[in-house]
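Throughout, protein chains are lettered first and strands after them, A, B, ... in sequence-line order, and every chain is numbered starting at 1.
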Number of protein chains: 2
Amino acid sequence: MPLATNPVRRFAALDDTDRTILAELAADGRMPNNALAERVGVAPSTCLTRTRALRECGAIRGFHADVDPAAVGLPLQALVSVRLTAHERAAVDAFRARSVRLPGVVSVFHVAGAEDYVLHVRAASADALRDFVLDYLAVDPAVQHTQTSLIFEQARGRG
Amino acid sequence: MPLATNPVRRFAALDDTDRTILAELAADGRMPNNALAERVGVAPSTCLTRTRALRECGAIRGFHADVDPAAVGLPLQALVSVRLTAHERAAVDAFRARSVRLPGVVSVFHVAGAEDYVLHVRAASADALRDFVLDYLAVDPAVQHTQTSLIFEQARGRG
DNA sequence: CTTGAAAAGGTCTAAGT
DNA sequence: ACTTAGACCTTTTCAAG
């Protein structure tokens, strides 16, 4: 993949109306099209066309309910830093593909720096969290080292 | 706040139907109620009652569009670890309240361990990211030290 | 608590301005 | 891009099982 690749090109046509739609739907993903149109200041039909285009060009990747982890029996959260043994593309990509499928994994960040990955995970208990690290990461020959930081509290920003 | 506090109590009544609804809406937050009802195996009216109860008891905290950061002119992401100078509750809480309002902040994690906070931030460019750290964190007297790790790639897990 | 059916409201398409 | 109109679908309520 050449360094000159410019993925922003796809979004070049976005104007203020589009950005407002994105902000409103990021805040409330279930807002009816009528209400959205009024907030944005365009006709409902225009709003619908814009919203659909935003989904098709990839600016909107999907809609998701924000579920309280405690409600599904996973009250604990942690950030697990992972350093790999090898750093070729194949090993790195393979670890990412594997880690996103592990139970309790919310997000996988491939980062620059001393660590290679940071996993945001949820667990039912401290024991379950320990088991997650030991059973899925520590035994992985691709994993050289892990460090687990329990999350006391998470707050959402506003973009 | 006593250690014995048990916030799980609020969700004690959740059954299989509720958990299926949560899973479906987490995967597709815009699924129509009658499609959801069919997948879950109850009548649409029942499904609506359940879904509303899940929102009111806090199991569903909201619905959000998943917006591609690149679409809104913020193609860069980073994890910024923050160590505070003081660790009394007042200082810690104040920093959290401040940091969630900073521009580009996606999530704020209060973590156990050597660092106090990890900020997930978005930025328009490397310069903008540097400015964010210097202008908002480095100048903050409550902040002792920061470490910024650029995010090469983020992948979502499945809960 | 769940249900089916009726009423109310939103979505979507296609026309013309 | 906006408006209108109408078909279609979804949500919501409510009386009853």
- Message: Under a 3.5 Å distance rule, please check whether Arg30(A) uses its side chain to pair with a backbone N or O of Gly29(B) as donor and acceptor.
- Response: yes

- Query: Quick check: does any side chain N or O of Thr46(A) sit under 3.5 Å from a backbone N or O of Val42(A), one acting as donor and the other as acceptor?
  - Reply: no

How close or far is atom [atom2] of [N] from atom [atom1] of [X], stated in whole angstroms?
| X | N | atom1 | atom2 | answer |
| --- | --- | --- | --- | --- |
| Leu48(A) | dA14(C) | CG | C1' | 13 Å |
| Leu36(B) | dT12(D) | CG | C1' | 15 Å |
| Met31(B) | dT10(D) | CE | C1' | 14 Å |
| Asp16(B) | dC1(C) | CG | C1' | 16 Å |

- Query: Pairs counted as Watson-Crick or G-U wobble with both distances under 3.5 Å: what dot-bracket string results for DNA chain C, using | for bases tied to another strand?
  - Reply: ||||||.||||||||||

- Query: Which sits closer to the 5' end of DNA chain C, Ser45(A) or Asn33(A), going by the nucleotide each is nearest to?
  - Reply: Asn33(A)

Answer yes if the side chains of [X] and [Y] hold a donor-acceptor pair under 3.5 Å, and no otherwise.
| X | Y | answer |
| --- | --- | --- |
| His110(B) | Asp116(B) | no |
| Gln154(A) | Ser107(B) | yes |
| His120(A) | Gln77(A) | yes |

Checking contacts here: which listed nucleotide ([options]) is nearest the side-chain heavy atoms of [X]?
| X | options | answer |
| --- | --- | --- |
| Thr46(B) | dT3(C), dT11(C), dT12(D) | dT3(C) |
| Arg52(A) | dC1(C), dT13(C), dT11(C) | dT13(C) |
| Pro32(A) | dC1(C), dT11(C), dT3(C) | dT11(C) |

- Item | Atom pair CE (Met31(B)) and CZ (Arg39(B)), whose distance is rounded to the nearest 0.5 Å | 4.5 Å

- Task: Identify whether any heavy atom of Arg30(B) sits under 4.0 Å from a base atom; if not, whether one sits that close to sugar-phosphate; answer base, sugar-phosphate or nothing.
- Result: nothing

- Item | Any Arg50(A) side-chain nitrogen or oxygen under 4.0 Å from OP1 or OP2 of dA1(D) | yes

- Message: Would you say Asn34(B) places a side-chain N or O within less than 4.0 Å of OP1 or OP2 belonging to dC9(D)?
- Response: no

- Message: Applying ring-ring contact (aromatic ring centres under 6.0 Å, His included) to Tyr117(A) and Phe109(A), what does each step give before you reach the verdict?
- Response: CA-CA 5 Å; Tyr117(A) 279 96; Phe109(A) 300 97; 9.8 Å; no

